[in-house]
Trainee: 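The structure that follows is given in the form of structure tokens.
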Amino acid sequence: MLQPMGWDAFGLPAENAAMNNGVPPAQWTYSNIDYMRSQLQSLGFAVDWSREVATCKPDYYRWNQWLFLRLLEKGIVYQKTGTVNWDPVDQTVLANEQVIDGRGWRTGAVVEKREIPMYYMAITQYAEELLADLDQLDGWPEQVRTMQRNWIGKSFGVRVGFPHQIEGGGTLWVFTTRADTLMGATYVAVAAEHPLALHAAKNNPELAAFIEECKHGGVSEAEIATQEKKGMATGLTVSHPLTGEPLPLWVANYVLMGYGEGAVMAVPAHDERDFAFAHKYGLPIKAVIKTSAGEATPAPWQEAYAEHGQCINSGKYDGLDFNAAVDAIAADLNAKNLGEKKVTWRLRDWGISRQRYWGTPIPMIKCPSCGDVPVPDDQLPVVLPEECVPDGSGNPLNKYEAFLACTCPKCGGAARRETDTMDTFVDSSWYFFRYTCPDATTMVDARADYWMPADQYIGGIEHAILHLLYSRFWTKVMRDFGLTKVGEPFRNLLTQGMVVAPTFYRDGADGRKQWLNPADVAVTTDDKGRPLSAILKSDGLPVIMGGIEKMSKSKNNGVDPQTLIEQYGADTARVFMMFAAPPEQSLEWNDSGVEGAHRFLKRLWSFAADNGAALADSALPADAAAEVLVVRREIHETLQQALVDFGKHQFNTVISACMKILNAIGKLEGHGSDAVQREGLSILLRLLSPIAPHITHELWRGLGYGDDILHAAWPQVDAAALKRDSIELVVQVNGKLRGKVNVPATADKAAVEQAALADENVQRFIEGQTVAKIIVVPGKLVNVVVR
RNA sequence: GCGAAAGUGGCGGAACUGGUAGACGCGCUGGAUUUAGGUUCCAGUGGAUCGCUCCGUGAGGGUUCGAGUCCCUCCUUUCGCACCA
């Protein structure tokens, strides 16, 4: 068993902290690591600290650089332009998180889209395998696999060419999954950055202004998808590939240059977005599919318009169904060299360049005569200086001469280093390999073959797509370079829910929100416990309640368990946290229940202290009292369920089972109770030991169960204890609970029915009515159906 | 907007494949112990009537002898949407 711990230590939060405190990100990061490490140690986790990894250390990130260079040689890393958020005031690139409603978070300036050169990893080369291998990951939650499948987004369609005479002629290509509707295409739209759009704008100031306007706002898909759909005609036309009919060419802000061909064909009758766009701008709508809504598509839009169906108003294709129409149209396009069937992916290549300081330096050198030259292996690692302090005006490396200056490895002339750093997802894509061999002098060594893949990986549900997909990709890349034998990094995956907490803020003098930590705020509630208002404890003045959100550094609503640990100890903190909810579920942090966890452990301790002598080794007497045997049965029933719950990682009900056992043995009296108490407590201690290791270890040894609870056998259900002579059945009449009967465990169906019908209360409810049938669920209930 | 989930007492949550809704805990109420507070212990605690009973798992429909659980429609919340990680 290997349980390591490490630090994903590069990234934006360290730069933000630096801006606030004027402390270098490195210093802030290392002190956080020290604090967190000591906290994890005080919680008593069995972490193997000899394998600790920090991604911001050169002995780790040098292998990011090394593999980057290998991938560059193989063409899996390549350069192209990408779109970024540009803050025109701070003159810097912004992360999507830093763009709020299309404006820069610090300056409030309207953000612009900018095209800059970036390095990409060709994850799409692995799309087919990343999709196919999901089927084998049966230790992963189905929802995560579904999300990844949808993200990869394999779609079968047709690439269609629209010939045109613009700029001496050419063909505008689009991709569509609905080639069957091609006869209903009434216009074609391109992205604002598309060459045809730029050409049309040359003599059209109005269009140029519109294209300029399209550059405003963020680049994130969510932002583009929710913005108002706008467009403008270019005045140009392209030809329909089958009919030759001229179709107007539009520029639309919802068409993305970076996705597919940067152009779409529009079929307003059968696509909701095109339908809305056509209505807004008065473009023609031509129904070409017979759907369940009929042969016409009057406004408003109905979902049925997008259904597959038979072609109509489509000339020779009339009457064909979806597959036949796609085949026929693709064949005709093929004959004209204007199209073919094609598989496309929603997945895009992974842009890894960041215009930031606190990350792995990209190991490239910019030479005025040789261009971009890779850093030779013997000069790795390219070490990131740790003394810079970002100030919000861009990457400080750009002004750091000691880092920048170098010589070109090719020509030996003076050159400059690349100042872009790598996406931090690179760091987190393979750290688990490094745990297996943290001191290796290569990226990984043979020890990785012994340990990998990880049997159990635990991470937040927010990583369901990006981190987990990049890690899978990176593993396959490492495999193809012979660095590992495994093709998938994680056999079993547990996705934790989010921990959410209330947020509080005040409007600062500069108009920005000052986020206050919940620990510093006192909340008053109404008589139903709902929050009414809040004040800051230090000055007693009101603060604004910002609602409940996932804990984050940016909203300052994280909770530090340190006070909990100091006040109650590690075991109470652990029991409380595991008792709150199953780990997959999201959880609103509230420590009001911590007293209950503490009380339980105190009761456990005092039970052992009060009964220590009686608990001395004693066997269950053959003539034990009946009520004692009932309690023993309950203990084993509880154990049986707890073992199932452990398997489901449902630790809250395991703790509940331990509480039940303590409640049961605490009340126990009668002949044989000492033995059952001893047995029950031994089961309880072992069930609880992974959750509260310190107290259970001490009690296990102190009560003489054994030397070390870690070496004790896992508790097992005694089938003999579960045996019952009689069972209680619930009796329903027409599905409603009307009584309970006790029958011998061996009673047959007829005897059970008879006992149920004999019940006084049941008699009352069936009186004067006909018994239609009686349903008996063995061991559970009887349902008498009357009319 | 698109993809994935989740909605159960005052609160956190439980209910394995459809079979007694509310386990366990928090909080609250009453009582005991205590000079008092805290601790600890006992009893009660979904709502309405407080007799039997009726109503209750986001809303509305449906399937079934029986629905928190399955199906349809809707609402709300959370996560992700490629530069937060």
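Protein chains get the first letters and strands the later ones, always in sequence-line order, with residue 1 at the start of each. Values in this document were obtained by computation on a predicted structure and should not be read as measured data.
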Trainee: What integer number of Å spans the P atoms of B:rU20 and B:rC70?
Mentor: 16 Å
Trainee: For A:Q585 and B:rG13, is the shortest distance between a side-chain N/O and OP1 or OP2 below 4.0 Å?
Mentor: yes
Trainee: Could you tell me whether A:V93 contacts a base, only the sugar-phosphate backbone, or nothing, with contacts defined as non-hydrogen atoms closer than 4.0 Å?
Mentor: base
Trainee: Judged by atom type as modelled, is there a donor-acceptor pair below 3.5 Å linking the side chain of A:K229 to the main-chain atoms of A:D274?
Mentor: no
Trainee: For A:Y568 and A:F576, I'd like to know if the aromatic rings sit close, meaning centre-to-centre distance below 6.0 Å.
Mentor: no
Trainee: Is there any side chain to side chain donor-acceptor pair (under 3.5 Å) pair reaching into residues 653-663 of chain A, and which pairs are they, with sequence neighbours excluded?
Mentor: A:R603-A:N663, A:D645-A:T653, A:Q650-A:T653
Trainee: I'd like the P distance from B:rG56 over to B:rC41, given in whole Å.
Mentor: 38 Å
Trainee: Quick one: label A:F425 by what it contacts on the DNA or RNA (base, sugar-phosphate, nothing), any heavy atom closer than 4.0 Å.
Mentor: base
Trainee: If the C1' atom of B:rU76 is compared with that of B:rU8, how far apart are they to the nearest Å?
Mentor: 15 Å
Trainee: Would you kindly give the CD-to-P distance between A:E97 and B:rC81, to the nearest whole Å?
Mentor: 10 Å
Trainee: Taking syn as a glycosidic torsion within 90° of 0 and anything else as anti, which one is B:rG61?
Mentor: anti
Trainee: Please figure out whether A:E221 or A:E272 has its closest RNA chain B nucleotide nearer the 5' end.
Mentor: A:E272
Trainee: Quick one: label A:M577 by what it contacts on the DNA or RNA (base, sugar-phosphate, nothing), any heavy atom closer than 4.0 Å.
Mentor: nothing
Trainee: Any luck finding a side-chain donor-acceptor pair between A:R106 and A:Q98 under 3.5 Å?
Mentor: no
Trainee: Given a 3.5 Å cut-off on both pairing distances, which stems involving RNA chain B, each at least three consecutive Watson-Crick or G-U pairs, are present, if any?
Mentor: B:1-7 with B:75-81, B:10-12 with B:24-26, B:27-32 with B:40-45, B:46-48 with B:53-55, B:58-62 with B:70-74
Trainee: Counting any heavy atom closer than 4.0 Å, what does A:E462 reach on the DNA or RNA strands: base, sugar-phosphate only, or nothing?
Mentor: base
Trainee: Using side-chain hydrogen bond (donor to acceptor under 3.5 Å, both in side chains) as the criterion, list what pairs up with A:K780, not counting sequence neighbours.
Mentor: none
Trainee: For A:G351, which contact category applies under a 4.0 Å heavy-atom criterion: base, sugar-phosphate, or nothing?
Mentor: sugar-phosphate
Trainee: Rounded to whole Å, how long is the line connecting atom CE of A:M19 with atom P of B:rC84?
Mentor: 14 Å
Trainee: Grab the CH2-P distance between A:W350 and B:rA82 for me, whole Å please.
Mentor: 15 Å
Trainee: Separation of A:E637 atom CD from B:rC16 atom P, in whole Å?
Mentor: 16 Å
Trainee: Using atom P of each nucleotide, how far apart are B:rG18 and B:rC28 to the nearest Å?
Mentor: 40 Å
Trainee: Would you please indicate if the ring centroids of A:W474 and A:Y470 are separated by under 6.0 Å?
Mentor: no
Trainee: In whole angstrom, what separates A:Q143's CD from B:rC81's C1'?
Mentor: 16 Å
Trainee: Please tell me whether A:D427 and A:T360 have a donor and an acceptor in their side chains that are separated by less than 3.5 angstrom.
Mentor: yes
Trainee: May I ask you to evaluate whether A:R764 reaches the phosphate of B:rU53, defined as a side-chain N or O under 4.0 Å from OP1 or OP2?
Mentor: yes
Trainee: Round to a whole Å and report the spacing from CZ of A:R787 to C1' of B:rG66.
Mentor: 14 Å
Trainee: Of the listed nucleotides (B:rC83, B:rC55, B:rG13), which one gets closest to any side-chain atom of A:R354?
Mentor: B:rC83
Trainee: Is it the case that A:D87 and A:T92 place a side-chain donor and acceptor less than 3.5 Å from each other?
Mentor: no
Trainee: Partners of A:S292 by side-chain hydrogen bond (donor to acceptor under 3.5 Å, both in side chains), sequence neighbours excluded?
Mentor: A:E307
Trainee: State yes or no: are the ring centers of A:F646 and A:F651 separated by less than 6.0 Å?
Mentor: yes
Trainee: State whether A:N150 places a side-chain N or O below 4.0 Å from either non-bridging phosphate oxygen (OP1 or OP2) of B:rC81.
Mentor: no
Trainee: Starting the side chain at C-beta, find the nucleotide from B:rC81, B:rG12, B:rC84 nearest to A:L466.
Mentor: B:rC81
Trainee: Can you find a donor-acceptor pair, distance only, under 3.5 Å between A:R356 side chain and B:rC83 base?
Mentor: yes
Trainee: Could you say whether A:E303 or A:A95 is positioned toward the 5' end of RNA chain B, judged by the nucleotide with the nearest heavy atom to each?
Mentor: A:E303
Trainee: What distance, rounded to whole Å, do you find between the two C1' atoms, one in B:rG13 and one in B:rA23?
Mentor: 10 Å
Trainee: Decide yes or no, distance alone: a donor-acceptor N/O pair under 3.5 angstrom between the base of B:rC83 and the side-chain of A:Q355.
Mentor: yes
Trainee: Mark yes when over 12 heavy atoms from residues, nucleotides or ligands other than A:E142 sit less than 6.0 Å from its CD; otherwise mark no.
Mentor: yes
Trainee: Quick one: label A:S353 by what it contacts on the DNA or RNA (base, sugar-phosphate, nothing), any heavy atom closer than 4.0 Å.
Mentor: base
Trainee: Would you mind building the protein contact string for nucleotides 17-27 of chain B? One character per nucleotide, 5' to 3', B for base within reach (heavy atoms under 4.0 Å), S for sugar-phosphate only, - for untouched.
Mentor: --BB--BBSSS
Trainee: CE of A:M147 versus P of B:rU78: gap in Å, rounded?
Mentor: 16 Å
Trainee: When all nucleic acid strands are considered with a 4.0 Å heavy-atom cut-off, which category describes A:A464: base, sugar-phosphate, or nothing?
Mentor: nothing
Trainee: From the list B:rG1, B:rC65, B:rC84, which nucleotide is the closest neighbour of the side chain of A:L12?
Mentor: B:rC84
Trainee: Report, one line per pair, each donor and acceptor closer than 3.5 Å where one atom sits in a side chain of residues 731-738 of chain A; sequence neighbours left out.
Mentor:
unit_1: A:N734; atom_1: OD1; unit_2: A:V786; atom_2: N; d: 2.9
unit_1: A:N734; atom_1: ND2; unit_2: A:V786; atom_2: O; d: 3.4

Trainee: Side-chain donor-acceptor pair under 3.5 Å between A:S393 and A:D90, yes or no?
Mentor: no
Trainee: Could you tell me how far B:rA48 sits from B:rG9 if I compare only their P atoms? Round to whole Å.
Mentor: 15 Å
Trainee: Check the phosphate of B:rA85 against A:S428, side-chain N and O only, distance under 4.0 Å to OP1 or OP2. Yes or no?
Mentor: no
Trainee: Nearest whole Å is fine: how far is B:rA85 P from A:H463 NE2?
Mentor: 10 Å
Trainee: Taking atom P in both B:rU45 and B:rC52, what distance in whole Å separates the two?
Mentor: 14 Å
Trainee: Scan A:F765 against the nucleic acid and name what it touches under 4.0 Å (heavy atoms): base, sugar-phosphate only, or nothing.
Mentor: sugar-phosphate
Trainee: Using a 4.0 Å heavy-atom cut-off across all strands, classify A:T226 as base, sugar-phosphate, or nothing.
Mentor: base
Trainee: Please classify the nucleic acid contact of A:R738 as base, sugar-phosphate, or nothing, using heavy-atom distances under 4.0 Å.
Mentor: sugar-phosphate
Trainee: Quantified in whole Å, what is the P atom distance between nucleotide B:rC24 and nucleotide B:rA43?
Mentor: 12 Å
